[in-house]
Amino acid sequence: MTDKTAHRLAAIRFGKDFHVDGVFDTAIAALRAEGLRIVGFVQRETPDPTTCCDITYLEDIVTGQRHRISQALGAGSRGCKLDPQALADVCGDLVGTLEERVDLLILNRFGKGESDGHGFRVVIEKALDLGIPVLTAVRDTYEPAFEEFAGDLAILLPAEHGAVVGWGKAVAGSMRSSAA
């Protein structure tokens, strides 16, 4: 087992103004071309003409269905616009999907919800318990919380297509060979 395959949990490290979703999109295309069955969500944002903030959606990687996870908090609001109930609903649906044959789970972020012990944490734990590798992204702000959660089980990847695809191919290949 190589150093990369020893870590079935990986997070793409990125900064505040970097749009990591493009890295996910290119990695998903490349890994699907390798024949991997990938489930999970990527983040999409669209402008909201009625407020100063964008509307945030989670887009299902398999179906393309979008689930709104942001809420309008009103003018002058400085708090998190995440709708925790909407995220919980998405998580509940996703946990059931993990019982099917899955080679890789992709989750758009390890962010505030996960740092606070909620969000996708239960999905990550369930996937790892089932032996499914997990790829997420973590902004520098939440990196300490991710490291506390994951310990030495995870690897931090640069926000580069080659590094992400390389990790995905290595870990999926090792999981397939150990299942044979």
Side-chain angles (χ1 to χ4, degrees), residues 1-44 56 58-62 69 87 90-91 94-95 97-180:
M1 189 180 278
T2 67
D3 186 42
K4 282 186 179 178
T5 60
H7 298 98
R8 288 183 294 144
L9 173 58
I12 303 167
R13 176 189 282 156
F14 72 104
K16 181 182 180 194
D17 294 322
F18 183 80
H19 297 284
V20 72
D21 302 297
V23 176
F24 278 128
D25 292 339
T26 57
I28 290 166
L31 293 169
R32 279 187 173 157
E34 295 286 326
L36 298 183
R37 175 159 156 66
I38 303 169
V39 300
F41 292 94
V42 291
Q43 186 168 304
R44 304 289 186 225
T56 304
L58 291 181
E59 182 178 283
D60 187 304
I61 292 168
V62 176
I69 62 163
L87 184 57
V90 169
C91 290
L94 185 55
V95 167
T97 304
L98 298 178
E99 299 296 332
E100 302 167 14
R101 187 187 75 80
V102 174
D103 296 316
L104 178 63
L105 171 64
I106 293 181
L107 300 171
N108 68 305
R109 304 284 188 279
F110 185 97
K112 180 166 177 34
E114 293 75 20
S115 295
D116 292 341
H118 309 290
F120 281 124
R121 281 177 81 134
V122 70
V123 180
I124 294 169
E125 292 165 354
K126 176 72 173 179
L128 294 174
D129 284 346
L130 292 171
I132 300 167
V134 179
L135 175 65
T136 189
V138 63
R139 197 168 91 194
D140 48 11
T141 306
Y142 301 110
E143 195 174 314
F146 177 77
E147 290 175 341
E148 182 180 326
F149 167 73
D152 61 357
L153 296 176
I155 185 172
L156 290 169
L157 301 172
E160 299 169 358
H161 167 79
V164 174
V165 172
W167 173 84
K169 288 164 106 175
V171 76
S174 77
M175 300 314 291
R176 284 182 174 177
S177 64
S178 67

ask   = With a cut-off of 6.0 Å (strictly less than), are more than 12 heavy atoms of other residues, nucleotides or ligands near CD of Glu100?
value = yes
query = Between Leu98 and Val123, is any pair of side-chain heavy atoms under 4.5 Å apart?
reply = yes
query = Are the side chain of Glu147 and the backbone of Pro144 linked by a donor-acceptor contact shorter than 3.5 Å?
reply = no
task = Identify the two heavy atoms, one from Val134 and one from Trp167, that lie closest to each other, and give their separation to 0.1 Å.
result = O-CH2, 3.4 Å
message = Nearest 0.5 Å, please: how far is CZ in Arg32 from CZ in Arg37?
response = 9.5 Å
query = Atom CG in Leu58, atom CD1 in Ile69: separation rounded to 0.5 Å?
reply = 3.5 Å
query = Do you know the tightest heavy-atom contact between Tyr142 and Gly111?
reply = CD1-CA, 3.8 Å
query = Given Leu130 and Glu99, is the side chain to side chain contact (heavy atoms under 4.5 Å, CB included) satisfied, shown in steps?
reply = CA-CA 8 Å; Leu130 292 171; Glu99 299 296 332; 4.1 Å; yes
From CA spacing to verdict: side chain to side chain contact (heavy atoms under 4.5 Å, CB included), Leu87, Phe41 = CA-CA 11 Å; Leu87 184 57; Phe41 292 94; over 6 Å; no
ask   = Which atom pair, heavy atoms only, marks the closest approach of Val95 to Lys126?
value = CG1-CG, 4.2 Å
task = Drop me the distance from Thr26's OG1 to Leu31's CG, to the nearest 0.5 angstrom.
result = 9.0 Å
query = Val23 pairs by side chain to side chain contact (heavy atoms under 4.5 Å, CB included) with which of Val164, Ile28, Leu157?
reply = Val164
query = Can you find a heavy atom in the side chain of Arg139 that is under 4.5 Å from one in the side chain of Val20?
reply = no
ask   = Say you draw a straight line from CZ of Phe24 to OG1 of Thr136; how long is it, rounded to the nearest 0.5 Å?
value = 5.5 Å
query = Which class fits the ring pair Phe146 and Phe110: parallel under 30°, tilted 30 to 60°, perpendicular over 60°?
reply = perpendicular
ask   = Hey, are the side chains of Arg8 and Leu153 touching, using non-hydrogen atoms and a 4.5 Å cut-off?
value = no
key: Separation of Glu143 CD from Ser115 OG (nearest 0.5 Å)   = 11.0 Å
message = Are the side chains of Asn108 and Glu59 in contact, using a 4.5 Å heavy-atom criterion?
response = no
key: Over all atoms of both residues, closest heavy-atom pair of Leu104 and Pro133   = CD1-O, 3.5 Å
Within-4.5 Å side-chain heavy-atom neighbours: His19 and Gln43 = no
request  = Report the C-alpha distance between Asp103 and Ile38 in whole Å, list the side-chain angles of each, state the deciding distance to 0.1 Å, and finish with yes or no for side chain to side chain contact (heavy atoms under 4.5 Å, CB included).
outcome  = CA-CA 6 Å; Asp103 296 316; Ile38 303 169; 5.8 Å; no
query = Do Val39 and Ile61 touch side chain to side chain, with heavy atoms closer than 4.5 Å?
reply = no
ask   = Nearest 0.5 Å, what's the CD1-CZ distance between Ile124 and Phe149?
value = 4.5 Å
task = Please report the shortest heavy-atom distance between Val165 and Ala30, naming the atom on each side.
result = CG2-CB, 3.8 Å
inquiry  = Any carboxylate oxygen within less than 4.0 angstrom of a Lys/Arg side-chain nitrogen, looking at Arg109 and Asp21?
reply    = yes
inquiry  = Side chains of Leu94 and Leu107, heavy atoms from C-beta outward: is any pair under 4.5 Å?
reply    = yes
